[in-house]
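Presented below is the structure to which this report refers.
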Amino acid sequence: MIFAHAWCSRSTRAKPFAANRARPRALPRSCSPCSHHAVDTLRRMGTNTEIAAAFEELAVLSELLGANVFKVNAFRRAARAVESLTGEACSMESAALKAIDGIGASTAAKIFEFAKTGAMSELDELRAQIPAGLKEVLGIQGIGPKTARALWIDAGVVDLSSLSAAIESGAVAKLPRMGAKTIENMKEAIAFAQTAVGRMRIGDAMPVANALVARLGALSCVQRIAYAGSLRRGKETIGDLDILACSEESGPLMEAFCTMPEVARVLVQGLTKSSVQTKHGLQIDLRVVPLEKFGAAWQYFTGGKEHNVRLRERAIAQGFRLNEYGLFAADASGKVADGALPVASREESDIYHALGLEWMPPTMREDRGELDAFVLGAAHTPIVEQHDIRAELHCHTTASDGALSIDELVSEAQRRGFHTIAITDHSKSQFQANGLDETRLLTHIAAIHAARARFPRMQIWAGSEVDVLSDGSLDYSDDLLRQLDWVVASPHAALKQEPRVATDRLLKAIRHPLVHVLGHPTGRIVNGRPGLEPVMSELYAAARECHTALEINSHHMRLDLRDTHVRGAVAAGCMVAINCDVHGLSDYDELGYGILTAQRGWLPKASCINTFDAAALDAWRRVKR
DNA sequence: GCCGTTTTCGGCCCGACTGTTTTCAGTCG
Ligand SMILES: Nc1nc2c(ncn2[C@H]2C[C@H](O)[C@@H](COP(=O)(O)OP(=O)(O)OP(=O)(O)O)O2)c(=O)[nH]1
Ligand SMILES: [Mg+2]
Ligand SMILES: [Mg+2]
Ligand SMILES: [Zn+2]
């Protein structure tokens with residue numbers, strides 16, 4: 001798999017990821033503290049996120065007032081543009097802001113106002129006009145901005161409870177286009193909203209999707225089937241399951257789908273598209289197309305939405321029209337002739353190639369510069385793939401909280417084609433995980449080294465996952481750490497620290513001369529706890545400078561670094577380790593999620609230490625020994 | 001509100017399904 005450097009060099013226009021591009025630098029002899037972050041230190045954290053949220057709210061509220069849909073869309077694009085900046089929007093010049101795609105004079109002025117005052121007057125005015133509770137009304141399936149506005153203006157609805165009251169009182173039935181069925185659907189949707197689950201972790205969704213694909217694929221009328229949507233793009237959480245099938249008998253297929261035993265509610269049922277909600281609150285969308293249109297449909301249904309919109313814009317600019325049935329030639333007025341055959345439709349690659357692009361991995365289809373990076377003939381750098389991984393550098397045995405012996409861990413690594421494994425049990429402060437004290441660790445090191453004789457083809461390292469204590473010091477003395485072949489340093493406790501404290505804590509670990517990898521850097525749990533919120537740009541700079549890799553912990557509960565952090569680390573020139581944090585045999589299978597996350601962060605194979613050959617990895621290790 | 005290798009005005013991705021409608025608006029993917 002390949003990708004181009006283009007997001008930072010192709011266009012004369014400033015692109016979001018151009019902001020903090022790191023220049024190559026020589027590795028310093030010692031790991032000295034950086035001093036260039038004084039300004040960052042003083043600034044409030046998370047400002048880009050806040051600004052993006054403000055523009056998104058501007059979109060929602062102005063839409064409720066019936067604003068022009070293209071203007072509403074422009075607010076949404078501005079929100080995305082700010083969100084994906086690597087630098088702080090508040091510290092950018094107006095000209096630099098306006099050079100970013102989706103940000104014009106008006107948006108730049110609002111950002112400037114936010115930087116100065118911490119607020120946007122236009123947004124505040126909208127907030128004053130519109131009941132805050134209308135947002136939860138908008139969250140009901142089937143209620144969009146037009147309906148919400150009518151409910152508010154004409155039926156006095158201001159939140160969910162007043163909506164229920166207005167339905168009971170008959171006020172809602174008086175609105176135009178409000179028949180019995182619409183109201184019944186609304187009641188069901190309100191009831192369902194109480195029980196509905198939020199976004200599912202990818203590791204929970206994947207087995208469900210695979211089972212469903214297998215089950216539907218076994219039907220004789222199904223010719224080809226695959227999952228699509230955010231699951232195929234490898235997002236850490238999944239809003240629903242999107243399944244694409246090819247069939248010539250879509251009626252029976254849709255009927256089979258909508259009458260599956262786990263279906264609680266059929267949202268829509270048609271011949272090309274159906275949606276159901278399961279008893280567990282999971283939504284599943286099924287689209288059915290003829291076999292020869294599979295590629296176009298898979299491209300559409302995989303998304304993401306913003307990627308699709310960009311791709312369709314590109315098609316128009318090149319004299320085509322693109323939809324889920326194919327790429328079609330258009331005439332001068334942009335029209336497609338009736339009954340015209342598609343220029344491309346069978347496979348995804350046909351679509352991309354016809355548009356002058358290479359096929360690109362779904363993980364990168366997020367409208368984050370990929371259409372520039374994958375122009376046919378562009379200079380390419382290979383992106384990491386699962387078969388590139390040749391080392392597991394973070395795993396636990398029964399000595400601490402793992403389920404496997406040293407030999408079981410090593411033989412499984414060997415079975416998977418790895419050449420290197422680092423055994424890294426917990427350190428003494430992790431007493432709840434049976435962390436090893438100094439005496440036990442020394443015994444353990446000897447036991448790990450003794451395994452080398454039994455696995456002569458494996459490079460086996462005695463390591464530790466040493467706890468990064470709350471002040472950034474490590475849980476073992478330097479003397480002890482020096483006796484280890486490999487050191488992963490990870491934060492486990494005090495994960496609610498202030499960003500500045502957390503940053504300094506992690507910087508200390510990164511700069512430690514005996515640390516190879518910063519493990520699960522934020523300690524977040526997906527759909528669980530937010531974890532630390534350090535100033536990531538400072539971590540990247542220090543990691544690069546001090547020859548410390550940042551870990552992507554592949555476990556689907558962690559995925560830490562997350563995708564956006566990986567992208568930042570790559571742009572800053574860091575090395576990344578993709579580890580499974582193995583506690584049991586099945587944890588090796590978590591690697592797939594780590595790879596998806598790495599690809600979402602555009603991680604080149606060459607920036608991932610787990611892809612090195614055995615000698616190169618050992619040489620990399622020895623820089624810190 | 002944003003934007004421009006045919007444009008500084010006039011477009012802006014595009015289609016399926018539903019309900020309530022005599023021709024389509026609204027919502028969603
Ligand atoms: N062209 C186009 N495609 C869309 C639009 N909305 C959705 N799609 C496509 C791309 C999406 O990835 C795909 C599935 O829609 P979903 O709403 O399920 O989104 P997605 O799976 O990306 O995210 P999710 O985790 O479900 O929230 O359908 C749209 O407005 N235009
Ligand atoms: Mg989806
Ligand atoms: Mg969907
Ligand atoms: Zn661990």
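Computed from a prediction, not measured in an experiment: that's the story for all the values here. In what follows, every chain begins at residue 1, and chains take the letters A, B, ... in the order their sequences are listed.
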Exercise. With respect to the phosphate group of B:dG1, does any side-chain polar atom (N or O) of A:Asn68 fall under 4.0 Å of OP1 or OP2?
Worked result: no

Exercise. Would you say the side-chain atoms of A:Gln269 and A:Glu255 include a donor-acceptor pair closer than 3.5 Å?
Worked result: yes

Exercise. Below 4.0 angstrom from OP1 or OP2 of B:dC2, is there any side-chain N or O of A:Thr107?
Worked result: yes

Exercise. Cut-off 3.5 Å, side chains only: do A:Gln599 and A:Asp563 have a donor facing an acceptor?
Worked result: no

Problem set entry | Any A:Ser106 side-chain nitrogen or oxygen under 4.0 Å from OP1 or OP2 of B:dG1 | yes

For this session: Quick one: label A:Lys273 by what it contacts on the DNA or RNA (base, sugar-phosphate, nothing), any heavy atom closer than 4.0 Å.
Result: base

Exercise. Taking atom C1' of B:dG15 as reference, at what distance in whole Å does atom CZ of A:Arg312 sit?
Worked result: 8 Å

Exercise. Distance between the C1' atoms of B:dT20 and B:dT27, in whole angstroms?
Worked result: 15 Å

Exercise. Between A:Ala180 and A:Val309, who's closer to the 5' end of DNA chain B by nearest nucleotide?
Worked result: A:Val309

For this session: Please state whether the base of B:dG15 and the side chain of A:Tyr325 form at least one donor-acceptor pair under 3.5 Å?
Result: no

For this session: Give a yes/no answer on whether the side chain of A:Thr182 brings an N or O atom under 4.0 Å of OP1 or OP2 in B:dT18.
Result: no

For this session: Between B:dG11 and B:dC17, how far apart are the P atoms? Round to whole Å, please.
Result: 30 Å

For this session: Select base, sugar-phosphate, or nothing to describe what A:Asn323 touches, counting heavy atoms under 4.0 Å on all strands.
Result: sugar-phosphate

Exercise. Looking across every strand, which nucleic acid part, if any, lies under 4.0 Å from A:Ser275 by heavy atom: base, sugar-phosphate, or nothing?
Worked result: nothing

For this session: Pick base, sugar-phosphate or nothing for A:Pro145, based on heavy-atom distances below 4.0 Å to the nucleic acid.
Result: sugar-phosphate

Problem set entry | Minimum-distance nucleotide to A:Glu313 side chain [options: B:dC28, B:dC13, B:dG26] | B:dC13

Exercise. Does a nitrogen or oxygen in the side chain of A:Arg287 sit under 4.0 Å from OP1 or OP2 of B:dG29?
Worked result: no

Exercise. Rounding to the closest angstrom, what is the interatomic distance between B:dG10 and B:dG15 at atom C1'?
Worked result: 24 Å

Problem set entry | B:dT7 glycosidic torsion: syn (within 90° of 0) vs anti | syn

For this session: Answer yes or no: is there a side-chain heavy-atom contact under 4.5 Å between A:Thr363 and A:Ile383?
Result: no

Problem set entry | Pair A:Lys273 + A:Glu324, salt bridge at N-O below 4.0 Å | no

For this session: Kindly point out which of B:dC17, B:dG1, B:dG29 is positioned nearest to the side chain of A:Val268?
Result: B:dC17

Problem set entry | Parallel, tilted or perpendicular, as decided by the 30° and 60° cut-offs, for the rings of A:Phe374 and A:Trp602 | perpendicular

Problem set entry | Protein-nucleotide distance (A:Ile103, atom CD1; B:dC3, atom P), rounded to Å | 9 Å

Problem set entry | Separation of B:dC12 C1' from A:Arg321 CZ (nearest whole Å) | 11 Å

Problem set entry | B:dG29 phosphate, OP1 or OP2, under 4.0 Å from A:Gln283 side-chain N/O | yes

Exercise. Using atom P of each nucleotide, how far apart are B:dG4 and B:dC13 to the nearest Å?
Worked result: 14 Å

For this session: Using a 4.0 Å heavy-atom cut-off across all strands, classify A:Ile143 as base, sugar-phosphate, or nothing.
Result: sugar-phosphate

For this session: With A:Arg232 as the cation and A:Trp298 as the aromatic partner, state whether NZ or CZ is under 6.0 Å from the six-membered ring centre and within 45° of the axis.
Result: yes

Problem set entry | Nearest-Å distance once atom C1' is located in both B:dT8 and B:dG1 | 14 Å

